[in-house]
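Numbers for residues simply follow the sequence, beginning at 1.
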Amino acid sequence: MAKILKDMSHTFDEYLLIPGYSNEDAIVQNVSLKAPLTRFKKGEAPKITLNIPLVSAIMQSVSNDTLAIALAKEGGISFIYGSQPIEAQAQMVKKVKDHKAGFVISDSNLKPSNTLQDVLNLLKITHHSTMCITQDGSANGKLLGLVTSRDYRLSRMSLDTPIASFMTGLDHLIVGDTSMTLSDANDKIWDHKLNALPIVDEHGNLSSIVFRKDYDSHKEHPDELHDIEKRLLVGAGINTRDYKERVPALLDAGADVLCIDSSEGHSEWQRKTIRYIKETFGENTLVGAGNVVDDAGFRFLADAGADFIKVGIGGGSICITRETKGIGRGQASSILAVAQERDRYFQETGIYVPICSDGGIVYDHHITLALAMGADFCMLGRYFSRFDESPTNKVFFNGRYMKEYWGEGSARARNWQRYDLGGDSKLSFEEGVDSYVPYAGTLKDNVLLSLTKVKSTMCNCGALTINDLQEKAVLTLVSPSSIQEGSAHDVLLKNKVQ
């Protein structure tokens, strides 16, 4: 008969942290959330260290170039989704690596033949009054002029007036070139009293824009995660089917780390993929693997050479793997089991392989619990999908603004490679759903709030680093009554002021 584990499968909601002694140094400002992303030997440093323990999920509805840029500025890293053509994914990676702080890729672009009505329509979408007029209307077309709110008056102009007749033409613009540093661009802005400085390449094609209002933006990101050339770090998802074609394209585009995207990682397919990457591109090519939920799965992937290992099956908010296949494990139990094996592996081999808690995060305090239980960092999907920077549409639904969010195993994504077991090249049945999540605003504001909560809880436990937290944390299982007691109860809540 089947082997039955004695321990029950538990989720984060079933645990609370017991506060410990906090000395005078235990204040939020003193807490460090640095975490290793990749494996390292005892006494050495990891090749990549995160400044915050958050990475974004390898999902169409989460991780594109805009979110990757925003998250890297805050100290985390995104894994650009792999369920797209190789060239498209490589281009997203390149956009992140080509990004320079303060140099903004224009998202408001029109052609000279467009009309004032088109200007107004675009303004409603982007809320950006500065619009670049390029030959083909693209963000990288030949720059012909600019349109701002000072170039038109609605009371005196017809809505079908061509942009060419009222834009500020290139001959009246001051522009910068792609060799400029941000300091050079800002000097030019101040010297000429500009609000915006278009940056063009040697062919006159628009590259980016530097805005006066962003003058101090680079000072607002003290935890920015970048390489020695000051380029933002970015990861990319791969699968176990087309990795021989996909990996070289992603590395050429500048990907700093790869990760095999799979619902279940304890497989020969992943070992072969890791071995090929390491043998072909060198041991310094970083690749994570997963997902696993027990000690055997961790040990298998660690021995295979994975640089970090994702933990969690079926815990994602849009995942129905447990429902459809009956496999998985409560996320808390998974982390506790794998973290114990990770520490045992470190003692035996002197090699530390970081683990990533992937799934099961509903509330901010679940991040703290995952870290306390042994996770080095957390991979989040639903959390990041709610923000302006995610690639999905913002819609008005049931009286509030929402963002679309769908799983990689849904019919919408059709990412059959993620669930590949070596059979036909198709999605046989769904393991994810298509949904909405409440719109939450900007990534920066939300990440700051979430991590302030994490730091505050760490202070309650007398911990100033994640390692401290894992050493000092005392966890207790809670009963259903304890869970109910921990939220507002026995009161009539007032309506929130809208």
Side-chain angles (χ1 to χ4, degrees), residues 54-68 70-71 78-86 88-89 91-93 235-242 246 259-265 290-291 310 312-325 327-328 331 356-363 366 378-421 425-443 446:
L54 303 181
V55 304
S56 69
I58 311 169
M59 299 174 68
Q60 294 175 10
S61 55
V62 179
S63 296
N64 67 342
D65 50 299
T66 55
L67 190 125
L71 182 53
S78 289
F79 287 87
I80 304 294
Y81 67 92
S83 52
Q84 60 176 319
I86 294 172
Q89 187 187 18
Q91 185 60 32
M92 283 190 181
V93 170
I238 60 173
N239 61 67
T240 57
R241 281 275 183 155
D242 66 5
R246 190 173 293 270
C259 184
I260 301 172
D261 181 28
S262 174
S263 66
E264 202 278 307
N291 286 23
K310 291 201 297 166
I313 294 177
S317 60
I318 41 69
C319 183
I320 54 173
T321 293
R322 296 181 194 173
E323 180 181 329
T324 57
K325 297 172 70 173
I327 65 169
Q331 190 65 9
C356 166
S357 178
D358 179 18
I361 303 290
V362 180
Y363 304 108
H366 288 171
C378 298
M379 176 171 279
L380 306 173
R382 181 197 61 84
Y383 178 87
F384 287 117
S385 71
R386 304 171 301 145
F387 304 149
D388 287 319
E389 295 84 357
S390 77
T392 63
N393 295 320
K394 183 172 74 171
V395 299
F396 196 69
F397 181 74
N398 281 351
R400 65 185 302 183
Y401 281 105
M402 311 287 284
K403 291 274 283 185
E404 295 178 311
Y405 180 48
W406 61 90
E408 289 297 290
S410 67
R412 183 170 183 174
R414 303 206 66 78
N415 183 6
W416 63 268
Q417 294 95 334
R418 190 176 197 273
Y419 305 91
D420 182 27
L421 294 176
S425 302
K426 65 179 182 179
L427 187 68
S428 300
F429 54 88
E430 291 183 66
E431 293 190 45
V433 299
D434 198 347
S435 64
Y436 295 110
V437 291
Y439 167 67
T442 67
L443 180 147
N446 282 277

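- Under the ring-ring contact (aromatic ring centres under 6.0 Å, His included) criterion, Tyr81 pairs with no residue at all, not counting sequence neighbours.
- The side chain to side chain donor-acceptor pair (under 3.5 Å) test applied to Tyr383 returns Ser450, not counting sequence neighbours.
- Judged by distance alone, the side chains of Tyr405 and Asp434 never bring a donor and an acceptor atom under 3.5 Å apart.
- Contact check for Arg400 versus Pro438: side-chain heavy atoms found under the 4.5 Å cut-off.
- Of the possible donor and acceptor atoms, one in the side chain of Asn291 sits under 3.5 Å from a partner among the backbone N and O of Gly312.
- Considering only residues two or more places apart in sequence or on other chains, Asn398 meets the side-chain contact (heavy atoms from CB on, under 4.5 Å) condition with none of them.
- Once rounded to the nearest 0.5 Å, the distance linking CE of Met59 with OG of Ser83 reads 9.0 Å.
- Across all their heavy atoms, Gln331 and Asp358 have their closest contact at NE2-N, 3.4 Å.
- Here the straight-line distance linking atom CZ of Phe387 with atom OG1 of Thr66 works out to 13.0 Å at 0.5 Å rounding.
- Not one N or O on the side chain of Arg382 forms a donor-acceptor pair closer than 3.5 Å with the backbone of Val437.
- Not counting sequence neighbours, Glu389 has no partner by the salt bridge (charged side-chain N to carboxylate O under 4.0 Å, His left out) test.
- When side chains are defined from C-beta on, Ile313 counts as touching Glu264, because their heavy atoms get closer than 4.5 Å.
- Phe397 is linked by a ring-ring contact (aromatic ring centres under 6.0 Å, His included) to Tyr436, counting only residues two or more places apart in sequence or in another chain.
- Using a 4.5 Å heavy-atom threshold, the side chains of Leu54 and Leu380 count as touching.
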Give the intermediate values and the outcome of side-chain contact (heavy atoms from CB on, under 4.5 Å) for residues Lys394 and Tyr401. CA-CA 7 Å; Lys394 183 172 74 171; Tyr401 281 105; 4.0 Å; yes
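- To the nearest 0.5 Å, atoms NZ (Lys310) and CE (Met379) are separated by 4.5 Å.
- One N or O on the side chain of Asn239 and one on the backbone of Arg241 form a donor-acceptor pair closer than 3.5 Å.
- Arg246 contributes no side-chain N or O that, together with a main-chain N or O of Gly237, makes up a donor-acceptor pair within less than 3.5 Å.
- Residues satisfying the side-chain contact (heavy atoms from CB on, under 4.5 Å) test with Thr392, not counting sequence neighbours, are Ser61, Ser390, Lys403, Glu404, Trp406.
- How far CD of Gln89 is from CG of Asn64: 12.0 Å, rounded to the nearest 0.5 Å.
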Would you sort out whether Leu71 and Leu443 count as a side-chain contact (heavy atoms from CB on, under 4.5 Å), showing the intermediate values? CA-CA 7 Å; Leu71 182 53; Leu443 180 147; 4.3 Å; yes
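- Partners of Asn446 by side chain to side chain donor-acceptor pair (under 3.5 Å), not counting sequence neighbours: none found.
- Considering only residues two or more places apart in sequence or on other chains, Asp65 meets the side chain to side chain donor-acceptor pair (under 3.5 Å) condition with none of them.
- When all heavy atoms are compared, the tightest approach of Phe384 to Leu67 is O-CD1, 3.7 Å.
- Here CD1 of Ile80 is found 13.0 Å from SG of Cys259. Values are rounded to the nearest 0.5 Å.
- In this structure the side chain of Ile238 never reaches within 4.5 angstrom of the side chain of Asp261, judged on heavy atoms.
- Contact record, Val62 with Pro391: O-CD, 3.2 Å, taken as the closest heavy-atom pair.
- Ser56 meets the side chain to side chain donor-acceptor pair (under 3.5 Å) test with Ser63, Ser78; sequence neighbours excluded.
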